[in-house]
Amino acid sequence: MPAQAVERLQAQISAAVGADVELERPKDASHGDFATNVAMRSAKSVGRPPRELAAELAARIGEVDDVDSTEVAGPGFINLRLADSFFIAALSEVGDGYGGGWAAAAPERVQVEMVSANPTGPLLVSHARNGAYGDSVARLLAFGGHAVQREYYYNDAGAQVDRFRASVDALRRGEPVPEDGYHGDYVRDLAAQDGDPLPRMLASIEGTLERFRINFDSWALQSELEQRLPEFMPRLDTYEKDGAVWARSSAYGDEQDWVIIRSADKGGTPTYRAADIVYLTDKLDRGFDKAVYVLGADHHATARWYAAIARMLGYDESRVEVLLYQFVHLTGGGEAAKLSKRAGNVVFLDELLDQVGVDAARWYLVNRGPDQTIDIDLELAAEKSNKNPVYYVQYAHARIAAILRNADASGAFVASRHKLENEERELIKRLTDFPVTAREAADRRGPQLIPAYAIRLADEFHRFYHECRVIGSPEEAFRLGLCRATQQVIARCLDLVGVEAPERM
RNA sequence: GCGCCCGUAGCUCAGUGGAAGAGCGGCGGCCUUCUAAGCCGUUGGUCGGGGGUUCGAAUCCUCCCGGGCGCACCA
């Protein structure tokens, strides 16, 4: 028997109708608690007018337990109204892990590689979007029951790192930073200290990530992976041209071939694509069923490259998944600024966090779908932050915490036979949406569904709070249970996007 | 030129085949009772445009317009 009340109801109605029925939640509450389009979908194959079929199916659905009434609406929707008993039963199912664990029967080992910014400077706001998005996807997958590992890939070899070190060295010699070098203030700070600046940069990045609440399990180094290239060469489809070694990726679905080892006059060193090959193999051979890459929109072409090298190496390319997100544009007072780490006119993630806090930053960055470019006006960010919906959701959580504190609520769930107030029904209904929403967000790699849902849930709670007294009411025990359930789901939503659930505000 | 993404309310954006939404902004109300970071009412949209598929399209296909990003022996 399905675990969730809505799934059970769906199964019962499907049996009554004799077809697979999907229940949806009408946006308009006057259309009932649930609705189904089954009549419209099957009208054609049955060869009957949709509304006529709907009327017949509605009568049968009306016989199902917990269905109070049905009506045919519009072109053939069947709207259902459910008995209070359904909602009370549904509420009793909300507990630890509610809405998660859907993959428990077939869990996968998933690696999510994210951020992976060049260690040539502090993390920027664009990297924060990578992390906020990737980490939320990782949290959703873990919530679903998968074994998730987060990894950061350091491009600690190659031209960019050489330029970075050269910039620091130049300053130490009292010379100006080369034209193509790194010019930010942080380079001066590093130059003032002894030793290789790279380890200090790595430590700085890891500190920022921790502050941003992304906990990496492992770090991969390009410099180490590169060294294993010779053992891979026999497995690769390559050829020489113009003195360089090329991977024949075009034969495996990519748009073109790419140099993996530079010609002698360019140094004869491996390109980052060579490291890509070793790294991809390394990931899959470590036992991950799936390797997820989180990349900015400027890397969209590399999705084909990864698929191509997976095929070249004989792996199932479906084990490689690339998640793309669009850029973050920063404006100051409405004026767009071209941002570049090398030019030094950038906004660091740490500065953003100083200004708006981790909660608002993470919410803001994950709130938009990954396909949507983000514009942040830094001058407005700080003052707007108090209006950020994240506080609306957190406030609902804190309000519940206050009620539970005041009531000293420790009892178990108590069912009630009282007629549910409208606000109680709507709040419980919203709770029953959560399992569907969480799973869809995970399947679609769309964590933005979670903040959108959390706002609606907080909305229902605030309304309930306003209309229904908890402490001292005849239904206190039941309502405390409703509060606890709501608090759990809100806390879960906040956690899924890396935001804290405060007890007080 | 080729490829990827976007165009929904004044602003920022949800909504990936089912009955157009939220926040902010604007206007007007509600605190002797569990947190007013709240609640209620109101204002506001030819879903960029044309054509197509479908019982049904913001959503899928196609063309056009507008914007972002890519097409390195940088990463």
Side-chain angles (χ1 to χ4, degrees), chain A residues 24 26-28 30-31 35-37 40-41 43-44 49-51 73-77 79 116-118 120 155 157-163 180 222 241-246 255-256 258-273 275-276 296-304 324-327 329 364 367-377 380 384 386-396 398-407 440 444 446 448-449 451-453 455-456 458-459 461-463 465-473 476 479 483 504-505:
Chain A
E24 48 188 68
K27 291 165 196 160
D28 186 340
S30 71
H31 293 143
T36 175
N37 59 8
M40 289 180 287
R41 296 212 325 198
K44 194 164 197 175
R51 283 196 60 107
F77 288 101
N79 296 335
S116 300
N118 282 354
T120 54
N155 300 111
Q160 299 296 348
V161 171
D162 291 344
R163 281 181 197 153
D180 64 353
Q222 181 181 356
K241 192 181 80 176
D242 303 331
V245 178
W246 297 68
E255 296 201 328
Q256 58 179 291
W258 299 96
V259 170
I260 58 172
I261 299 177
R262 296 178 180 88
S263 55
D265 57 312
K266 303 271 186 184
T269 51
T271 66
Y272 72 96
R273 290 184 187 272
D276 280 346
D298 53 339
H299 289 78
H300 74 258
T302 57
R304 265 188 199 175
L324 294 172
Y325 60 92
Q326 297 296 314
F327 276 22
H329 296 120
Y364 192 81
N367 186 33
R368 277 143 188 78
D371 286 338
Q372 195 71 235
T373 54
I374 295 181
D375 293 299
I376 301 179
D377 188 321
L380 290 177
K384 264 190 161 177
N386 281 340
K387 305 286 189 185
N388 191 311
V390 68
Y391 300 110
Y392 181 78
V393 175
Q394 286 185 316
Y395 187 59
R399 267 186 153 176
I400 295 171
I403 293 173
L404 298 180
R405 268 197 309 274
N406 294 337
E440 192 185 346
R444 277 175 44 189
Q448 74 276 9
L449 299 186
Y453 167 79
I455 290 170
R456 292 196 296 269
D459 191 52
F461 175 76
H462 284 308
R463 250 196 292 279
Y465 180 91
H466 191 259
E467 294 298 325
C468 302
R469 178 79 195 180
V470 176
I471 296 171
S473 93
E476 175 173 323
R479 287 177 178 170
C483 285
R504 298 171 196 272
M505 284 177 77

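Note on naming: letters A, B, ... go to the chains in the order of the sequence lines (proteins, then strands), and numbering restarts at 1 for each one.
- Nucleic acid contact class of Ala303(A) (heavy atoms, under 4.0 Å, all strands): none.
- Val393(A) is listed as a side-chain neighbour of Ile455(A), based on a closest heavy-atom distance under 4.5 Å.
- Remark: the Thr373(A) side chain and the C6(B) base include no donor-acceptor N/O pair separated by less than 3.5 Å.
- As a whole-Å value, the separation of His329(A) NE2 from C5(B) P is 17 Å.
- When heavy atoms are screened at a 4.0 angstrom cut-off, Asn79(A) is found touching base atoms of the nucleic acid.
- Residue Ile403(A) places its side chain closer to C34(B) than to any other of G68(B), A75(B), C34(B).
- Residue Gln372(A) places at least one side-chain N or O under 4.0 Å from the OP1 or OP2 atom of A14(B).
- Here A58(B) sits opposite no nucleotide as a Watson-Crick or G-U wobble pair (both hydrogen-bonding atom distances under 3.5 Å).
- Remark: the separation of the C1' atoms in A58(B) and A20(B) is 8 Å, to the nearest Å.
- With hydrogens and angles ignored, a donor-acceptor pair under 3.5 angstrom links the side chain of His300(A) to the base of G3(B).
- Comparing Lys266(A) and Gly74(A) against RNA chain B, the residue whose closest nucleotide sits nearer the 5' end is Gly74(A).
- Base pairing annotation: C34(B) forms no Watson-Crick or G-U wobble pair, as no partner gives both donor-acceptor distances under 3.5 Å.
- Here U35(B) presents its P atom at 12 Å from CD1 of Ile400(A), a figure rounded to the nearest Å.
- Within the 4.0 angstrom heavy-atom criterion, only backbone atoms of the sugar-phosphate kind lie near Glu440(A); the bases stay farther away.
- Taking atom C1' in both A19(B) and U12(B), the straight-line distance is 27 Å, to the nearest Å.
- Between the NE2 atom in His329(A) and the CD1 atom in Ile374(A) there is a gap of 10.5 Å [rounded to 0.5 Å].
- Contact annotation: Arg262(A) reaches the phosphate of C74(B) (side-chain N/O to OP1 or OP2, under 4.0 Å).
- Cation-pi geometry between Arg399(A) and Phe461(A) is not met: the NZ or CZ atom fails to fall both under 6.0 Å from the ring centre and inside 45° of the normal.
- For C2(B), the paired nucleotide is G70(B), the pair qualifying as Watson-Crick or G-U wobble because both relevant distances are below 3.5 Å.
- Comparing G3(B), C74(B), A14(B) by their nearest atom to the side chain of Glu255(A) picks out G3(B).
- Distance check on atom P: A14(B) versus U35(B) gives 35 Å, rounded to whole Å.
- Of the candidates A75(B), C69(B), U35(B), the closest approach to any side-chain atom of Arg504(A) belongs to U35(B).
- Across A37(B), A75(B), A22(B), the shortest atom-to-atom separation from the side chain of Ile455(A) is found for A22(B).
- Applying the side-chain contact (heavy atoms from CB on, under 4.5 Å) rule to Val259(A) yields the partners Ala244(A), Trp246(A), Thr271(A); only residues at least two apart in sequence or on another chain are considered.
- Minimum atom distance to the side chain of Met40(A) is reached by C55(B), of the listed C55(B), A75(B), C39(B).
- Among the protein residues, Ala401(A) comes within range of no part of the nucleic acid, since none of its heavy atoms lies under 4.0 Å from any strand.
- For Asn367(A) and U12(B), the shortest distance from a side-chain N or O to OP1 or OP2 is not below 4.0 Å.
- Residue Arg444(A) places at least one side-chain N or O closer than 4.0 Å to OP1 or OP2 of U16(B).
- If you take CG of Asp298(A) and P of C71(B), they are 8 Å apart, rounded to a whole angstrom.
- Map Pro26(A) and Ala159(A) each onto its nearest nucleotide of RNA chain B; the residue landing nearer the 5' end is Pro26(A).
- Between U42(B) and G7(B), the distance separating the two C1' atoms is 29 Å to the nearest Å.
- Glu467(A) has its CD atom 15 Å from the C1' atom of C34(B), to the nearest Å.
- Looking at every heavy atom in both residues, Gln160(A) comes nearest to Thr120(A) through O-CG2, 3.7 Å.
- Asp371(A) comes within contact range of the sugar-phosphate backbone alone, with a heavy-atom separation under 4.0 Å but no base atom that close.
- Remark: the separation of the C1' atoms in U46(B) and G68(B) is 26 Å, to the nearest Å.
- Judged purely by distance below 3.5 Å, without hydrogens or angles, the side chains of Tyr325(A) and Asp371(A) never pair a donor atom with an acceptor atom.
- Summarising the geometry, the separation between CD on Gln394(A) and C1' on A37(B) is reported as 10 Å, rounded to the nearest angstrom.
- For Glu24(A), taking side-chain heavy atoms from C-beta onward, the closest of the listed nucleotides A75(B), G18(B), G38(B) is G18(B).
- Remark: Tyr391(A) is not in phosphate contact with A37(B), judged by side-chain N or O atoms under 4.0 Å from OP1 or OP2.
- Rounded to whole Å, the distance from CG on Asn388(A) to C1' on C24(B) is 10 Å.
- Looking at the side chain of His462(A), the nearest of the listed nucleotides C39(B), A36(B), C5(B) is C39(B).
- Among the atoms of the strands shown, none is found under 4.0 Å from any heavy atom of Cys483(A).
- U62(B) and A75(B) have their P atoms separated by 36 Å, with the value rounded to a whole Å.
- The same atom, C1', is picked in A9(B) and in G50(B); the two are 24 Å apart, to the nearest Å.
- Under 4.0 angstrom from either OP1 or OP2 of A37(B) there lies no side-chain N or O belonging to Arg399(A).
- The shortest heavy-atom contact between Pro370(A) and Gln448(A) is CD-OE1, 3.5 Å.
- Taking both residues in full, the closest heavy atoms of Ala73(A) and Arg51(A) are given as C-NH1, 3.7 Å, listed atom of the first, atom of the second, then distance.
- Applying the 90° cutoff around 0 to the glycosidic angle, C31(B) is assigned syn.
- Both the sub-6.0 Å distance and the 45° axial angle are satisfied by Arg368(A) relative to the ring of Tyr364(A).
- At least one side-chain heavy atom of His462(A) sits less than 4.5 Å from a side-chain heavy atom of Tyr395(A).
- Using a 4.0 Å heavy-atom cutoff across all strands shown, Asp242(A) reaches at least one base atom of the nucleic acid.
- Between Gln256(A) atom CD and C73(B) atom C1' there is a gap of 12 Å when expressed in whole angstrom units.
- Of all nucleotides listed (C34(B), G18(B), G38(B)), G18(B) comes nearest to the side chain of Phe77(A).
- In this structure, the CZ atom of Arg368(A) is 7 Å from the P atom of A14(B), given to the nearest Å.
- With G18(B), A14(B), C69(B) as the choices, the nucleotide that has an atom nearest any side-chain atom of Arg41(A) turns out to be G18(B).
- The phosphate of C40(B) (OP1 or OP2) has a side-chain N or O of Arg463(A) nearer than 4.0 angstrom.
- If you check G70(B), A75(B), G38(B) against the side chain of Gln222(A), the one that comes closest is A75(B).
- Nucleotide U42(B) forms a Watson-Crick or G-U wobble pair with G26(B), both donor-acceptor distances falling under 3.5 Å.
- A sub-4.0 Å separation between OP1 or OP2 of C39(B) and a side-chain N or O of Tyr392(A) is present.
- Pairing for G7(B) is with C65(B), a Watson-Crick or G-U wobble pair whose two hydrogen-bonding atom distances lie under 3.5 Å.
- C27(B) sits 42 Å from G70(B) when the P atoms are compared, rounded to a whole Å.
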